[in-house]
Amino acid sequence: LRLTLLARRSLSISPCIHCIMDLQDLEENVSFLEVESVEIAAPERPFCRRRHGIFMSLALLGIGSLLTATGHISGTKFLALFQQDNSVCREIFQQEINKGNPIHFAHIEFQDFQDISQGVIVHEKEFANAAEAADILMNRTTNFMEVGECTPESKTMLWFYPFEDGDHNGAFDLYQYECQRTSDLQNQQECVRLYRVANSYQAIQALNRQAPGSVVDLVLGGHGSDTKNGGSLQLGAYADEAVHWNDAEELFTAMAPKLAPQATVTLDSCHGAINKMAETASRMLPSHWVFAGVVTTTGAVTVEQVPFDGGLEGPTHLPSNPGQFTAVDAQASLHALSMGYSEHEVGYFELPATKASGVALPVAVANLAEADARTLDNYPVSSTKEYSGERLAAFYGGQNRGIVTQWMYPSKNGKAIQKGQKVKVAQPFRAWRSEMAEESGKAVAVIFTNVLPKGLTGTVLNVGATDGTPSAGNAMILFDLPHLESGSTLNSGANLGLHTVLTRDFNKLEVTESLK
């Protein structure tokens with residue numbers, strides 16, 4: 001028997017991802033857990049959230065037959081390919097126990113979801129130590145956790161994740177990254193509350209437990225739909241238990257008075273930044289920063305504090321979900337569709353032409369004086385199909401403000417680098433200018449490196465973080481010529497030309513004139 005997993009990059013709203021490898025490869029590279037019997041049903045709805053490593057739809061290839069994950073797969077034995085690590089959760093629970101902070105787990109029976117005024121029935125779950133606490137958290141029947149000195153007025157980090165039946169692939173199992181996120185904002189919070197809810201009415205019941213202005217950070221998770229036409233965030237097992245972009249007002253209206261002035265909202269959901277869910281949330285919560293993914297998100301989300309006040313200039317803290325991405329070859333993709341491939345098949349087979357080749361340029365140089373600062377002649381160049389970027393976009397005042405890297409890498413004087421600003425070089429660094437040259441009668445792209453001296457001024461013409469796709473957020477800056485008393489350009493034109501500045505070098509710039 002051969003276990004086959006098919007890799008895909010979806011261009012549609014079809015289920016998220018498949019991978020391909022032989023059972024022999026799995027035996028060599030993956031820790032297995034044997035399960036005596038299992039039946040797998042592929043999800044009927046096109047909802048997708050994030051990959052804990054890789055989400056997999058399984059196909060079992062037998063003699064003369066092929067059973068794919070479009071229906072059910074049954075067997076007497078199945079190899080569970082991933083065992084989630086709860087060691088971080090154990091460590092964090094032990095820290096809380098050492099501090100003397102209370103920890104509570106329970107299974108909550110929410111009342112009739114149409115009558116949100118009713119109370120709930122709570123079945124407490126007991127534990128003896130941090131290890132047992134981590135195991136209870138990972139148990140999907142645990143739909144309530146409370147850590148810290150929690151009262152209705154406590155500064156609270158509030159999580160809503162999908163109910164057990166609404167998470168068909170375990171994407172919202174709680175393990176190391178979630179536990180780490182709960183501790184990343186310790187200096188801002190007194191309490192962490194987490195609920196698994198099946199619909200927005202249950203979330204509203206939980207919100208009713210919070211005092212006005214008590215929530216400093218809110219996470220709303222659920223499988224998100226991949227469509228620009230307006231999508232949803234799935235909480236329960238049925239379609240009517242999803243929060244849709246055009247009927248989410250009741251939930252977000254209930255959130256509004258519970259949020260502290262600088263509170264943020266993260267939609268822990270695939271495609272939330274493109275399927276209008278984040279836009280709706282931001283429109284209903286205009287004075288709060290809302291974050292969501294432009295593509296499929298993963299569990300590896302981190303949170304960091306940034307030097308902004310929570311207003312229009314920037315949030316007080318940021319989630320981040322970086323990854324590796326490929327550039328789509330539009331012509332090849334359209335050609336495949338014209339040849340009769342469906343959207344699903346174009347993504348499923350991941351045609352080689354759907355990935356555009358680029359060049360990888362080593363840019364880390366310890367001593368700029370030892371490097372050729374003008375051309376790439378002395379640089380090794382290699383082909384690559386991937387680039388590094390960020391998945392999460394930020395919304396404020398009902399508008400998409402771009403990829404979160406703008407606030408992760410502020411300027412030396414603590415400003416976000418944004419289109420239209422005037423900047424000055426505070427510390428020399430290397431930037432890149434792209435142009436065209438002719439070689440043997442053919443046009444070729446050329447890239448020049450340039451060490452920009454201290455004091456050089458320029459204007460930010462664009463920031464890659466604003467384009468709505470995964471991006472590193474590099475800036476395109478038009479730098480001025482070094483000033484000459486005579487005013488001469490020495491026949492060089494009016495400026496140095498447009499240069500690409502990497503996000504890692506934003507801290508070597510000073511913003512001298514901000515956006516009006």
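Distance check: Phe448 CZ to Leu496 CG gives 13.0 Å after rounding to the nearest 0.5 Å. With values rounded to the nearest 0.5 angstrom, Gln176 atom CD is found 12.5 Å from Arg181 atom CZ. From Glu513, atom CD reaches atom CD of Gln421 across 9.5 Å, with rounding to the nearest 0.5 Å. Atoms OG1 and CG, on Thr296 and Asn321 in that order, are 10.0 Å from each other to the nearest 0.5 Å. In this structure, the separation between NE2 on His499 and CZ on Phe429 is 9.0 Å, given to the nearest 0.5 Å. In this structure, Leu498 CG and Leu478 CG are separated by 6.0 Å, a value rounded to the nearest 0.5 Å.
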Go through it in stages, so that I can follow the logic: the residues are Asp480 and Lys424, the test is salt bridge (Lys or Arg N to Asp or Glu O under 4.0 Å), and I'd like the CA-CA distance, side-chain angles, deciding distance and then a yes or no.
CA-CA 10 Å; Asp480 303 320; Lys424 180 173 67 175; over 6 Å; no
Using the rule given for side-chain contact (heavy atoms from CB on, under 4.5 Å), can you reason through Arg401 versus Phe395, listing the C-alpha separation, both sets of side-chain angles and the distance that settles it, and then say yes or no?
CA-CA 5 Å; Arg401 305 288 175 169; Phe395 290 71; 5.8 Å; no
Please step through salt bridge (Lys or Arg N to Asp or Glu O under 4.0 Å) for the pair Glu510 and Lys415, ending with a clear verdict.
CA-CA 8 Å; Glu510 288 183 357; Lys415 302 289 185 180; over 6 Å; no
Would you check, one step at a time, whether the test side chain to side chain donor-acceptor pair (under 3.5 Å) holds for Ser411 with Asn413?
CA-CA 5 Å; Ser411 67; Asn413 56 340; 2.6 Å; yes
Is there a side-chain contact (heavy atoms from CB on, under 4.5 Å) between Glu249 and Met284? Walk through the geometry before answering.
CA-CA 7 Å; Glu249 285 83 359; Met284 301 299 298; 3.7 Å; yes
Verdict with reasoning, Thr512 to Thr457, per side-chain contact (heavy atoms from CB on, under 4.5 Å):
CA-CA 9 Å; Thr512 58; Thr457 59; over 6 Å; no
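Checked by atom type and distance alone, the side chain of Thr298 pairs as donor or acceptor with a backbone atom of Ala300 at under 3.5 Å. Side chain of Ser471 to main chain of Gly389: no donor-acceptor pair is present (N/O by atom type, distance under 3.5 Å, no hydrogens or angles). The backbone N or O of Met277 lies less than 3.5 Å from a partner atom in the side chain of Asn275, making a donor-acceptor pair. For Arg391 (side chain) and Thr297 (main-chain N/O), no donor-acceptor pair under 3.5 Å exists by modelled atom type. A donor-acceptor distance shorter than 3.5 angstrom exists from the side chain of Glu390 to the backbone of Leu392, with no hydrogens or angles considered. Between the side chain of His271 and the main chain of Gly224, no donor-acceptor pair closer than 3.5 Å is present. Under the 3.5 Å distance criterion, the side-chain polar atoms of Thr182 are matched with a main-chain donor or acceptor of Cys179. Judged purely by atom type and a 3.5 angstrom limit, Gln188 has no side-chain atom pairing as donor or acceptor with the backbone of Val216. Panel note: side chain Trp289, backbone Leu312; no donor-acceptor pair is recorded below 3.5 Å. Remark: side-chain polar atoms of Ser232 are not paired, donor with acceptor, to backbone N or O of Ala242 under 3.5 angstrom.
Considering only residues two or more places apart in sequence or on other chains, Gln324 meets the side chain to side chain contact (heavy atoms under 4.5 Å, CB included) condition with Glu386, Ser388. Under the rule for a side chain to side chain contact (heavy atoms under 4.5 Å, CB included), the partners of Pro453 that lie at least two apart in sequence or sit in another chain are Leu456.
Between the side chains of Ser320 and Glu304, no donor-acceptor pair of N or O atoms lies under 3.5 Å. Side-chain contact annotation: Asp217 with Thr264, donor-acceptor N/O pair under 3.5 Å present.
No more than 12 heavy atoms of other residues, nucleotides or ligands lie within 6.0 Å of OH in Tyr409, so this atom counts as exposed by the packing criterion.
Proximity of Met157 to Trp159: side-chain heavy atoms (C-beta onward) are separated by under 4.5 Å at one or more points. In this structure the side chain of Val306 never reaches within 4.5 angstrom of the side chain of Thr316, judged on heavy atoms. Here the side chains of Asn246 and Thr280 are not in contact, with every heavy-atom distance at 4.5 Å or above. Residues Leu509 and Val425 meet the side-chain proximity criterion, which asks for heavy atoms closer than 4.5 Å. Residues Thr503 and Gln406 fail the side-chain proximity criterion, which asks for heavy atoms closer than 4.5 Å. Side-chain contact between Val404 and Phe291 is present, with heavy atoms from C-beta onward closer than 4.5 Å. For the pair Ile447 and Thr500, the minimum side-chain heavy-atom distance is 4.5 Å or more. Side-chain contact check for Leu461 versus Ile477: every heavy-atom pair is 4.5 Å or farther apart.
Aromatic ring centroids of Phe172 and His223 lie under 6.0 Å apart.
Between Gly310 and Tyr396, the shortest heavy-atom contact is O-CE1, 3.9 Å. Residue Ser492 comes nearest to Leu481 through the heavy atom pair CB-CD2, 4.3 Å, listed as atom of the first residue, atom of the second, then distance. Heavy atoms only, all atoms of each residue included: Val290 and Ala281 are closest at CG1-CB, 4.1 Å. Taking each heavy atom of Pro410 and Pro307 in turn, the nearest pair found is CG-CG, 4.2 Å. Pairing each heavy atom of Val501 with each of Ala431, the nearest pair is CG2-CB, 4.2 Å. Taking both residues in full, the closest heavy atoms of Ala278 and Ala292 are given as CB-CB, 3.7 Å, listed atom of the first, atom of the second, then distance.
Ring-plane geometry between Tyr387 and Phe325 is classed as tilted, the angle between the planes lying from 30 to 60 degrees on a 0 to 90 degree scale.
A side-chain contact (heavy atoms from CB on, under 4.5 Å) with Tyr161 is found for one member of Asp167, Leu220, Leu235, Val219 and no other, namely Val219.
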